[in-house]
Amino acid sequence: MKLYKITIVALLLSGVGRAEAQQLKLNAGNVDEILKAMTLEEKASLLVGGRNKSYGGGNATTIGFTEAVVPGAAGLTQGIERLGIPPTVLSDGPAGVRIQPTREGSSRPYHATGFPVGTSLATTWNVDLVESVGKAMGEEVLDYGIDVLLAPGMNIHRSPLCGRNFEYYSEDPLVTGKMAAAFVRGIQKNGVGTSIKHFAVNSQETNRNHVDEVVSQRAVREIYLKGFEIAVKEGKPWTVMSSYNRLNGVYTQENRELLTTVLRDEWGFDGIVMTDWIGQRNTAAQVHAGNDLMEPGMPAQSEEIIAKVKSGELSVEDVDACVRRILEYIVKTPRFRGYKYSEQPALEAHAAVTRRSAAEGMVLLKNEDNTLPLKDLKKVALFGITSYDFIAGGMGSGNVCKPYVVNLMQGLDNAGLEVTEDLKKLYLAYKDYQEAKTESERLSFDWRWGRDIFPEMSVSRTCIDKQAKKADVAVFTVGRQGGEAWDRKVKDDFNLTAQERQLLDDLCAAFHAEGKKVVVVINAGGVIETASWKELPDAILLAWQPGEEGGNSVTDLLVGKENPSGKLTMTFPVSAMDHPSSLNFPTTASQVPGKPVEGAGKWAKRNVDYTLHQEGINVGYRYFATAGKKVSYPFGYGLSYTTFSYGKSAVKASADGFKASIVVTNTGKVAGKEVVQLYVSAPGGGLQKPALELKSFAKTRLLQPGESETLTFDVTNYALASFDEAVQSWVSAKGRYTVKFGASVEDIRATSVYTLSKEFTQKVNDVLKPGMSLE
Ligand code: BGC
């Protein structure tokens with residue numbers, strides 16, 4: 001801002017143009033006029049991010065070089081001083097504002113709140129809560145002088161091994177879309193923007209910049225685009241980020257069918273599309289596709305736009321369409337309004353928001369004999385290096401530079417529980433050793449990307465036996481990290497390591513021999529294998545990566561200050577390979593390295609250069625429920641410290657679908673919240689459908705023992721529809737639909753019937769065809 005002013009003053013003094021300075025300046029009502037006044041060079045600069053000499057942005061072409069505006073912000077749009085167009089600032093996302101925590105010449109830190117990751121927010125199933133988290137995060141966006149938060153991440157959990165699942169919400173598009181819409185609404189309430197990402201089908205990190213995701217039109221529409229459609233229609237994000245990968249042969253950034261036909265013409269999106277952070281591709285194709293902004297931006301891209309307009313390869317109309325949309329975006333931004341940002345976000349108030357929301361996202365997977373909450377237990381033997389080095393969030397651009405992370409040791413301590421001193425000393429010494437060895441400390445190590453977990457420490461059986469005598473209970477935290485640009489492995493990541501398994505075996509043997517319980521806390525961004533060991537401990541709490549207050553949030557549940565009400569938004573399979581997508585995921589490719597596959601080009605390597613979505617719409621529970629395949633924990637599952645009964649359900653036809661309701665009563669002894677999932681089984685005939693599909697969900701308020709609430713659901717005939725490729729239409733067959741009210745996908749508590757007397761159809765465009773056989 002300062003440089004902006006200096007430049008204006010300098011221009012005025014130099015006399016370059018008293019007249020010019022008084023000329024046309026951008027305002028909300030003169031976008032057309034501005035567009036007319038712009039030179040081709042100016043237009044080309046506006047479509048390419050990051051580089052702005054006159055506004056002091058330096059030659060910022062990659063992440064981290066935008067210091068002159070907001071240090072550490074991921075990108076910029078360029079300003080054009082002559083026309084009063086300021087640069088605007090784009091920053092990651094999605095678990096908080098990611099900026100550089102230190103600045104030259106300033107001794108104070110520039111921290112942002114580390115909120116829970118996407119999976120954790122989604123498993124609250126509480127859209128109001130997610131909106132309130134968005135509201136708090138958006139305040140920090142505004143306070144730090146940022147115009148757009150590059151969030152939420154909302155790709156589908158096609159495989160539990162995708163490295164970025166922690167940033168995303170679910171294997172189900174409805175949950176994904178509803179959560180994203182709520183998050184967007186919350187952030188944008190502050191007068192700042194969001195960028196829903198990564199559009200689309202960015203469901204693997206291996207070779208993410210080039211992999212061609214080959215997907216049937218039905219699966220694209222029903223599974224991979226549906227969440228984005230809901231988020232666009234219900235959240236109205238200012239921007240969309242196109243992904244790195246190709247979809248059915250075309251880079252999404254160059255895909256006019258995706259960015260214009262579907263996103264704008266069919267869904268009515270009126271904001272801007274920006275690329276994910278890639279270098280120069282076919283810029284003209286990107287502009288023609290309707291990808292308005294190239295990030296992080298290279299001068300060569302502007303030059304290409306100019307050259308191709310001059311040579312006639314790119315039309316001025318295409319360029320103008322993008323420029324107009326960018327101008328319409330700019331006039332909405334706080335920077336354009338000259339908002340005076342404080343750089344003093346309400347970190348303390350937001351710590352309370354993250355503590356509460358993280359606790360609500362945690363899922364109680366097992367609670368034998370009411371092991372939890374811990375009652376009258378004072379002394380905890382705390383195992384697992386992650387208990388002392390808690391993981392608040394994932395790695396990569398989703399890493400937030402937070403002021404602190406409360407680990408579980410501190411969380412227990414804050415609640416007045418005692419952690420056995422000798423074990424604590426052992427782990428803390430091991431942590432010091434690892435930090436010294438890797439020259440890293442969780443909060444300061446590489447602020448841009450975060451760091452991985454330390455390997456687990458081995459503990460002797462003698463030591464464990466001693467702990468079992470001293471302590472009242474054992475708590476063992478299993479930690480997992482995930483991050484951008486790499487996918488997870490089955491061995492030693494999805495599955496427990498041999499060392500972790502040994503520790504668990506020893507803990508259970510020793511503590512059970514003393515008549516004491518063992519509690520496992522999972523501190524991970526995504527799914528891990530549980531089937532082979534879940535019988536061993538007495539309780540399992542899935543804490544996710546719950547943000548900076550993690551240790552406090554876990555403790556709130558362990559001691560019963562909060563009652564768990566999170567439920568899974570993804571399946572916990574028996575084995576990672578049980579997902580049909582595993583046949584076509586990089587894990588298979590790495591088992592047959594370098595094997596070229598016919599028909600995909602000479603060097604094309606299956607699951608690396610291209611990935612066939614042979615499972616189609618059979619993603620997650622849609623597959624497991626239809627195939628009757630056993631899982632470890634089903635979609636929608638989660639326990640509580642209380643119990644709920646479901647009363648009679650009702651379904652009534654509405655103008656465009658049906659309205660349903662059910663009464664839920666807290667039948668237990670403590671207050672709690674229940675998530676009810678509404679699934680629908682379609683009538684036979686017509687398109688093949690999954691056994692049941694989630695069509696709506698709702699969560700009760702905090703119900704006191706004995707208290708009831710009537711939950712209501714709205715489902716449209718459009719929401720019931722499947723995509724019929726033969727007629728390129730959304731179709732709901734006429735007939736009887738069974739409406740199922742579930743505590744999970746496997747625990748249906750009540751059913752009703754909805755009869756659709758006339759087939760519903762809605763025609764759309766015949767686009768996004770796979771160019772390769774899926775056989
Ligand atoms: C990530 C995006 C992120 C961008 C800017 C990319 O590598 O894929 O999610 O917003 O970097 O940091």
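Start at 1 and go down the list; that is how both ligands and their atoms are numbered. The structure displayed is predicted, hence computed values, not measured ones.
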Euclidean distance, Y251 OH relative to D212 CG, rounded to 0.5 Å:
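D212 atom CG to Y251 atom OH measures 9.0 Å (nearest 0.5 Å).
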Numbering the atoms of ligand 1 from 1, which are under 4.0 Å from a heavy atom of [X]?
X	result
L150	10 (O)
A74	5 (C), 12 (O)
M241	10 (O)
D92	3 (C), 5 (C), 10 (O), 12 (O)
R98	12 (O)
S397	1 (C), 2 (C), 3 (C), 9 (O), 12 (O)
R164	1 (C), 2 (C), 8 (O), 9 (O)
K197	2 (C), 3 (C), 9 (O), 10 (O)

Which option, H198, M274, E295, owns the non-hydrogen atom nearest atom 9 (O) of ligand 1?
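Looking at heavy atoms only, H198 sits closest to atom 9 (O) of ligand 1.
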Just go through I278, N209, D276 and tell me whose heavy atom is the nearest to atom 2 (C) of ligand 1.
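Shortest heavy-atom distance from atom 2 (C) of ligand 1: D276.
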Check the side chains of T275 and N291 for a donor-acceptor pair under 3.5 angstrom, ignoring hydrogens and angles.
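No, T275 and N291 have no side-chain donor paired with an acceptor closer than 3.5 Å.
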Answer yes or no for E167: is there a heavy-atom contact with ligand 1 below 4.0 Å?
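Contact absent.
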Inspect the contact between [Y] and [X] and indicate whether a charged nitrogen and a carboxylate oxygen are less than 4.0 angstrom apart.
X	Y	value
R164	E167	yes
D493	R480	yes
K178	E234	yes
E229	R221	no

Between Y244 and H210 (judged by ring centroids, cut-off 6.0 Å), do the two rings come close enough to count as a pair?
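No, the ring of Y244 stays outside the 6.0 Å limit from the ring of H210, centre to centre.
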R208 versus V211, closest heavy-atom pair with distance:
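Taking every non-hydrogen atom into account, CA-CG1, 4.1 Å.
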Before giving the answer on salt bridge (Lys or Arg N to Asp or Glu O under 4.0 Å), spell out for K233 and E266 the whole-Å C-alpha distance, their side-chain angles and the decisive distance to 0.1 Å.
CA-CA 11 Å; K233 290 180 175 169; E266 290 184 10; over 6 Å; no
Polar-atom distance check: E484 versus ligand 1, any N or O pair below 3.5 Å?
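N/O-N/O distance below 3.5 Å exists for this pair.
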Per-residue contact class, E205 against ligand 1 - non-hydrogen pairs under 4.0 Å:
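Near ligand 1, E205 shows nothing, with every heavy atom at 4.0 Å or more.
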